[in-house]
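To keep things clear, I will list the structure first and then write my remarks on it.
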Amino acid sequence: MKKTATLIACAFLTLLPHTLSAKKKDKDPVESTNLAVYLLKQLNEREQEAYARYESAVAEEDVDQVRRELQSIIDGYERLIADSPNYAPAYTSFGLMLNRTGNRDESNAMFLKSDQLDPMQPVVKNQLGNYMAEEGKYTEAYGFYMLARDLAPEEPLYHLQLGNLLVAYRKYYLADGLFAPEEIDDQIIKHFRSATRRAPKDISYKMRYAQAFFDIENPNWETALGVWQELYKAAGSEYEQQVVRLYTARVRFELGHHTAARKLIAQLDHPSLDESKQTLLDEINAKYPQ
């Protein structure tokens with residue numbers, strides 16, 4: 001296996017009996033699997049601790065220490081995979097780490113191998129979908145995201161991924177004839193609504209669902225108004241409430257409720273919203289002169 005960086009000495013290596021470095025023909029498969037599970041758990045814990053230390057590191061020497069630790073963890077993953085080449089979770093965890101550290105191609109190779117060994121991992125399907133989406137391979141990405149959702153239908157993230165993908169590549173799906181305009185727009189709303197229903201307390205899912213009405217061609221503005229009004233109840237800070245008011249004003253305008261839209265705009269005083277609210281107000285005044 002190609003080393004991702006120069007081998008360095010690390011404490012992790014002392015945890016491995018010297019006999020592991022030699023290929024044993026009479027190794028007990030159950031014992032080997034149990035050891036792989038144990039070692040993977042240790043690597044996962046060390047990795048999380050390293051990320052936590054990195055986030056709180058101040059001095060350059062602290063950052064360097066974390067980098068050395070991460071390199072030793074990478075070495076540990078490579079040794080684990082060498083000793084347990086058919087243990088899919090090791091490839092999955094290593095792939096997640098490589099992805100987090102910016103090694104996209106190496107990460108994708110790990111996910112492909114993990115998927116080959118165990119095709120029933122939704123997290124792997126999702127990661128493969130992410131890679132395909134980033135590469136512009138939207139049809140392949142759609143297939144992987146669908147598989148992730150089917151394997152874990154109650155996970156809101158996979159519904160969100162499908163919605164975002166259809167929005168990002170909407171014109172390409174239409175140009176390829178893979179969806180009709182009304183069909184893809186219905187799917188976009190459906191996926192974001194499904195994500196929200198599976199994470200009712202997460203305002204980020206609610207916000208993305210509400211924003212989706214602006215991503216499609218012929219939205220149901222009455223439905224959109226209800227969604228934004230519900231979102232206002234969930235908004236926490238005053239700034240969040242003002243953002244929701246601005247979007248609600250836009251929906252009111254689309255419905256022809258120009259007086260209500262102006263009233264909502266008049267309630268906005270956060271400086272970061274000045275340009276957006278003025279743009280909307282200009283549109284309202286152009287269509288409904290006072």
Side-chain angles (χ1 to χ4, degrees), residues 1-17 20 33-84 87-115 118 121-131 133-134 148 152 154-161 164 195 198-208 236-237 239-240:
M1 177 179 296
K2 181 181 178 181
K3 301 295 285 183
T4 58
T6 305
L7 279 171
I8 62 175
C10 64
F12 169 72
L13 298 182
T14 63
L15 298 174
L16 295 174
L20 282 181
T33 300
N34 289 340
L35 180 59
V37 172
Y38 170 74
L39 294 175
L40 180 59
K41 182 175 182 295
Q42 284 199 327
L43 285 168
N44 291 158
E45 291 174 351
R46 287 178 61 200
E47 187 181 345
Q48 294 308 312
E49 290 173 1
Y51 292 141
R53 290 203 305 274
Y54 183 80
E55 291 175 0
S56 61
V58 177
E60 184 62 29
E61 60 185 25
D62 294 331
V63 174
D64 288 340
Q65 184 178 2
V66 172
R67 288 172 180 159
R68 289 193 295 271
E69 171 67 1
L70 288 173
Q71 179 57 52
S72 88
I73 294 169
I74 288 175
D75 295 339
Y77 275 122
E78 292 181 338
R79 287 179 64 89
L80 175 57
I81 287 172
D83 287 326
S84 303
Y87 185 49
Y91 293 93
T92 300
S93 290
F94 195 17
L96 290 170
M97 180 182 184
L98 290 170
N99 184 67
R100 187 167 184 173
T101 54
N103 299 290
R104 290 181 60 254
D105 292 338
E106 295 88 342
S107 171
N108 191 59
M110 291 297 136
F111 291 131
L112 286 171
K113 179 61 178 179
S114 182
D115 191 53
D118 180 5
Q121 302 174 86
V123 65
V124 172
K125 302 294 187 188
N126 180 64
Q127 292 295 332
L128 291 171
N130 289 343
Y131 185 84
E134 292 166 3
E154 294 307 310
E155 171 53 56
L157 174 63
Y158 304 145
H159 297 268
L160 181 77
Q161 297 281 61
N164 282 331
R198 285 161 175 78
K201 296 182 180 180
D202 192 325
I203 194 170
S204 64
Y205 286 107
K206 291 178 184 290
M207 177 64 81
R208 188 62 189 93
S237 66
Y239 175 69
E240 288 177 347

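None of these values were measured; they are calculated from a predicted model.
For Ser237, the side chain to side chain contact (heavy atoms under 4.5 Å, CB included) criterion is met by Tyr239, Glu240, not counting sequence neighbours. Under the side chain to side chain donor-acceptor pair (under 3.5 Å) criterion, Glu61 pairs with no residue, sequence neighbours left out. By the ring-ring contact (aromatic ring centres under 6.0 Å, His included) test, Tyr54 pairs with no residue at all, sequence neighbours left out. Qualifying side chain to side chain contact (heavy atoms under 4.5 Å, CB included) partners for Asn126, counting only residues two or more places apart in sequence or in other chains: Asn130, Tyr145, Ala148, Leu157, Tyr158, Gln161. The side chain to side chain donor-acceptor pair (under 3.5 Å) test applied to Glu49 returns no partner, not counting sequence neighbours. Legend: residues meeting salt bridge (Lys or Arg N to Asp or Glu O under 4.0 Å) with Glu55, ordered by chain and number and at least two apart, are absent. Scored by the side chain to side chain donor-acceptor pair (under 3.5 Å) test, Asp64 finds Arg67 as partners (sequence neighbours excluded). The side chain to side chain donor-acceptor pair (under 3.5 Å) test applied to Lys125 returns Asp115, not counting sequence neighbours.
With rounding to the nearest 0.5 angstrom, the CD atom of Glu47 is 9.0 Å from the CD1 atom of Ile74. Rounding to the nearest 0.5 Å gives a distance of 11.0 Å between CG of Asp75 and CG of Leu70. Here CE of Met110 is found 10.5 Å from CG of Asn103. Values are rounded to the nearest 0.5 Å.
A donor-acceptor contact shorter than 3.5 Å is absent between the side chain of Ser93 and the backbone of Ala90. Judged purely by atom type and a 3.5 angstrom limit, Ser72 uses its side chain to pair as donor or acceptor with the backbone of Glu69. Without hydrogens or angle criteria, Thr101 side chain to Leu98 main chain gives a donor-acceptor distance under 3.5 Å.
When the options Tyr77, Phe111, Tyr87 are evaluated for a ring-ring contact (aromatic ring centres under 6.0 Å, His included) with Phe94, the one that passes is Tyr77.
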Can you list the steps and then say if Tyr51 with Gln48 is a side-chain contact (heavy atoms from CB on, under 4.5 Å)? CA-CA 5 Å; Tyr51 292 141; Gln48 294 308 312; 4.2 Å; yes
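Considering every non-hydrogen atom in both Leu43 and Ile73, the closest pair reads CD2-O, 3.8 Å.
Contacts classified as salt bridge (Lys or Arg N to Asp or Glu O under 4.0 Å) and involving residues 89-105 (residues at least two apart or in different chains) are given here: Arg104-Glu134, Arg104-Glu135.
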